[in-house]
Structures are given as structure tokens and as C-alpha cells.
Protein chains: 2
Amino acid sequence: MNELSHLKSAGLKSTLPRLKVLSLFESGSERHLSAEDVYKKLLASGDDVGLATVYRVLNQFEQAGLLVKHHFEGDKSVFELNQGDHHDHIVCLQCGRVEEFYDATIEQRQKKAAAERGFELHDHSLYIYANCVKPKCQYRN
Amino acid sequence: MNELSHLKSAGLKSTLPRLKVLSLFESGSERHLSAEDVYKKLLASGDDVGLATVYRVLNQFEQAGLLVKHHFEGDKSVFELNQGDHHDHIVCLQCGRVEEFYDATIEQRQKKAAAERGFELHDHSLYIYANCVKPKCQYRN
DNA sequence: ATTACAAATGAGAATGATTAGCATTAGCAT
DNA sequence: ATGCTAATGCTAATCATTCTCATTTGTAAT
């Protein structure tokens with residue numbers, strides 16, 4: 001199951017902009033990208049797509065399950081490749097480093113908490129805001 | 001320690017708009033309010049404050065530790081009275097009902113997850129998005 | 001009480017992210 | 001090769017939130 005088939009099954013035509021965006025995420029240089037990030041990276045590599053298109057494509061990919069959208073602290077949202085594995089994030093408040101983690105116990109207790117209060121868990125978002133420890137932030141100069 | 005002393009200790013003058021906003025939260029009719037909500041409620045009760053002021057005051061109160069700000073799904077943020085007890089939220093995707101909960105295990109595992117990855121937990125945000133169970137959503141018509 | 005001044009307010013402009021509208025272009029099936 | 005619909009690229013529009021700045025209001029000192 002490659003990119004093309006993914007697009008197909010989502011009822012999306014395989015267009016140039018879409019393929020560009022997709023391969024950007026698959027190249028894996030950076031895992032978490034905002035619409036603006038994607039836009040700039042594409043421009044930088046000579047491919048010029050409109051910003052509006054980037055937004056549209058990103059959202060379509062999210063609907064299609066190709067990408068996952070996150071709202072870290074701040075206003076702009078970021079997207080990452082959906083590799084099937086659900087995970088949460090730890091974000092360094094200083095340098096922005098992002099680590100992913102998964103904790104089965106947390107997941108389970110969430111479901112329990114919801115159930116106990118008459119809810120059926122549909123989804124959740126957990127972000128841990130922290131500071132890299134030690135001398136200085138690893139990603140800070 | 002009342003409202004006035006709170007304002008004082010935060011270095012904030014006790015002005016009319018600030019007292020109005022504060023008492024709105026303390027009246028407790030609704031626990032979670034957005035800037036827009038506050039603005040409308042004040043207008044409705046004849047007190048007319050500017051929207052900009054509401055935003056300013058809300059943020060100052062957050063800095064001062066009087067209120068806590070949350071970003072539920074969607075774009076606008078909501079505030080609630082800070083009563084010292086940290087808790088997370090479950091939000092019904094259908095009707096918007098919000099329940100608060102606290103799970104010591106979750107809290108602890110978060111700290112652990114952060115520590116294990118070289119972070120010092122500073123803060124976190126956990127929102128569970130769910131649906132009220134049973135026949136129909138309690139708050140839905 | 002009155003004064004004096006910095007802090008606070010209000011109204012509207014400005015911002016920043018994201019979306020909508022629409023004419024033009026490009027996949028894709030015939 | 002043709003035609004039609006979806007997709008793209010602009011630009012303008014939204015929405016929440018913040019900023020600017022002239023005017024007003026607490027407050028502490030007279």
C-alpha cells in the first residue's frame with residue numbers, strides 16, 4: 001500500500017501538489033510540520049504550490065487518515081505522518097524538541113475515567129510541556 | 001483571602017471591569033467561559049466593558065493564578081476559576097458537556113514518562129473527547 | 001477633599017492563522 | 001483527443017486575539 005493507493009482509496013486524485021506534500025512527510029527530515037512549514041519547504045525546493053492548497057491538502061490527508069493533526073502550545077497546528085501507532089507528545093518549552101511516547105496505563109485509565117462518568121471515549125489529546133534537563137537544553141545554542 | 005486581596009497581591013488595581021469579571025466566575029453559574037462568553041454576559045447584565053478589556057483582564061487573571069486557561073477542541077480558549085485543584089477534562093463532542101477529573105496514576109506516569117526521556121515536567125494538558133453514553137446525549141435535545 | 005500620575009479602559013485598527021469564493025488548469029475515464 | 005469534474009492558486013474574507021492610543025479612573029500623597 002503506497003502513497004498512490006492511499007490517495008486513491010481516499011477518493012483523491014493524485015496531483016502534483018499532493019504528491020509533493022506527501023513525500024515531504026515521508027522523507028522524514030522533520031516529523032512535525034505546520035502548514036506554513038510545508039509551504040516554505042516546498043517553495044524552497046522550487047515546487048511552488050499555493051498556501052491555500054497546502055492547507056487544503058493537509059486537511060484532506062488528515063481526513064483520509066494519512067496524517068494526524070496536533071495542537072501544541074501556541075496557535076498553529078502541526079501535522080505528522082500517521083503510522084498507525086497512537087502516541088502522545090512531550091514538548092520542550094525552551095527549544096521545541098518533541099518526543100513521542102506511549103503509556104498503556106495512561107491510555108487505559110483515560111478510558112476508565114471516561115466510562116465512570118458516563119462517557120464513551122472517542123479521542124484524546126495529551127501534551128506534556130517540559131524542559132530538557134541538564135546543563136542546557138540540547139537543542140538550544 | 002478574598003478577590004480584592006488577590007488583585008492586590010497580583011499588583012492589579014481593583015477596577016470595575018476586573019471585579020465584574022471576577023464575580024462572574026465566582027457566581028459559578030457556568031464554570032468554563034470564553035472571552036466572548038464573558039463579554040456577552042457582562043453586556044447582558046448591563047455592565048458594558050470592552051471586548052479588549054475582557055481579553056486583557058482574563059489573561060492578567062491567568063497570570064495572577066486566579067484563573068486557568070484551557071484549549072478545548074476548536075479555536076477559542078476558555079477560562080475557569082482556579083481553585084487550586086488541578087484536574088483534567090472530558091468533553092462531550094455532541095453537546096459540549098464538560099466533566100472534570102483527576103487521576104493520580106495518570107499524573108504520576110506523565111512525570112515518569114517525561115523523566116525517562118530527559119525532561120522535567122512543567123505542565124501538561126489532557127483532554128478526553130467523548131460522547132455521552134446511553135439513549136441520547138443528556139444535554140442534547 | 002484635591003491633586004497628580006501611572007495604570008486601566010474602550011474603540012477600532014492590526015495581526016496571524018485558516019478558510020471561502022471563483023476563475024483557470026489539470027487528472028482521468030471515455 | 002475530448003470533456004467533465006475535481007483541484008489549484010490567487011485574493012478576499014473570517015475569527016479569535018492583540019495592539020495602539022487617546023481618554024478615564026484608581027490611588028497614594030498632599
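Every chain is numbered from 1 and lettered A, B, ... according to where its sequence line falls, protein lines coming before strand lines.
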Legend entry - Of all pairs that satisfy salt bridge (Lys or Arg N to Asp or Glu O under 4.0 Å), the ones with a partner from residues 41-64 of chain A, not counting sequence neighbours: Lys20(A)-Asp47(A), Glu30(A)-Lys41(A)
Inset, instruction - Can you run down the salt bridge (Lys or Arg N to Asp or Glu O under 4.0 Å) pairs that involve residues 100-117 of chain B, sequence neighbours left out, and say none if there aren't any? - result: Asp103(A)-Arg109(B), Arg109(A)-Asp103(B), Arg31(B)-Glu100(B), Lys112(B)-Glu116(B)
Would you call [X] and [Y] a side-chain contact if the rule is heavy atoms closer than 4.5 Å?
{"X": "Ile128(A)", "Y": "Asp88(A)", "result": "no"}
{"X": "Asn59(A)", "Y": "Phe79(A)", "result": "yes"}
{"X": "Ile106(B)", "Y": "Phe101(B)", "result": "yes"}
{"X": "Val49(A)", "Y": "Val38(A)", "result": "no"}
{"X": "His6(A)", "Y": "Phe61(A)", "result": "no"}
{"X": "Phe25(B)", "Y": "Leu66(B)", "result": "no"}
{"X": "His122(A)", "Y": "Leu93(B)", "result": "yes"}

All N/O pairs under 3.5 Å across the protein-nucleotides 23-30 of chain C interface:
{"unit_1": "dC28(C)", "atom_1": "OP1", "unit_2": "Ser14(A)", "atom_2": "N", "d": "3.4"}

Legend entry - Donor-acceptor pair between Asn131(A) and Gln94(A) side chains, under 3.5 angstrom: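 Checked: Asn131(A)/Gln94(A) side chains pair up, N/O donor to acceptor below 3.5 Å.
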Legend entry - Asp37(B) and His32(B) side chains, donor-acceptor separation under 3.5 Å: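 No.
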Legend entry - Neighbours of DNA chain C within residues 39-54 of chain A, by heavy-atom distance under 4.0 Å: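 Hits under 4.0 Å, by residue number: Ala52(A).
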Legend entry - End-to-end axis angle, where each axis spans five pairs of the helix from dA1(C)-dT30(D) to dT30(C)-dA1(D), to 10°: 30°
Inset, instruction - Report the relative orientation of the aromatic rings in Tyr102(B) and His86(B); use parallel for angles under 30°, tilted for 30 to 60°, perpendicular for over 60°. - result: perpendicular
Inset, instruction - Report the relative orientation of the aromatic rings in His87(A) and His89(A); use parallel for angles under 30°, tilted for 30 to 60°, perpendicular for over 60°. - result: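 Rings of His87(A) and His89(A): perpendicular, as their planes differ by over 60°.
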Legend entry - Start and end of chain B contact along DNA chain D [non-hydrogen atoms, under 4.0 Å]: dA16(D) to dT27(D)
Inset, instruction - Considering just the side-chain nitrogens and oxygens of Arg18(B), establish if one lies under 4.0 Å of OP1 or OP2 belonging to dA8(C). - result: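 Arg18(B) to dA8(C) OP1/OP2: side-chain N or O found under 4.0 Å.
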Starting from [atom2] on [N], measure out to [atom1] on [X] and report it in whole angstrom.
{"X": "Tyr55(A)", "N": "dG16(C)", "atom1": "OH", "atom2": "P", "value": "12 Å"}
{"X": "His70(A)", "N": "dA17(C)", "atom1": "NE2", "atom2": "C1'", "value": "19 Å"}
{"X": "Lys76(B)", "N": "dA17(C)", "atom1": "NZ", "atom2": "C1'", "value": "16 Å"}

Inset, instruction - Indicate, with a heavy-atom threshold strictly under 4.0 Å, whether Ser34(A) touches base, sugar-phosphate, or nothing. - result: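 Here Ser34(A) touches no strand at all.
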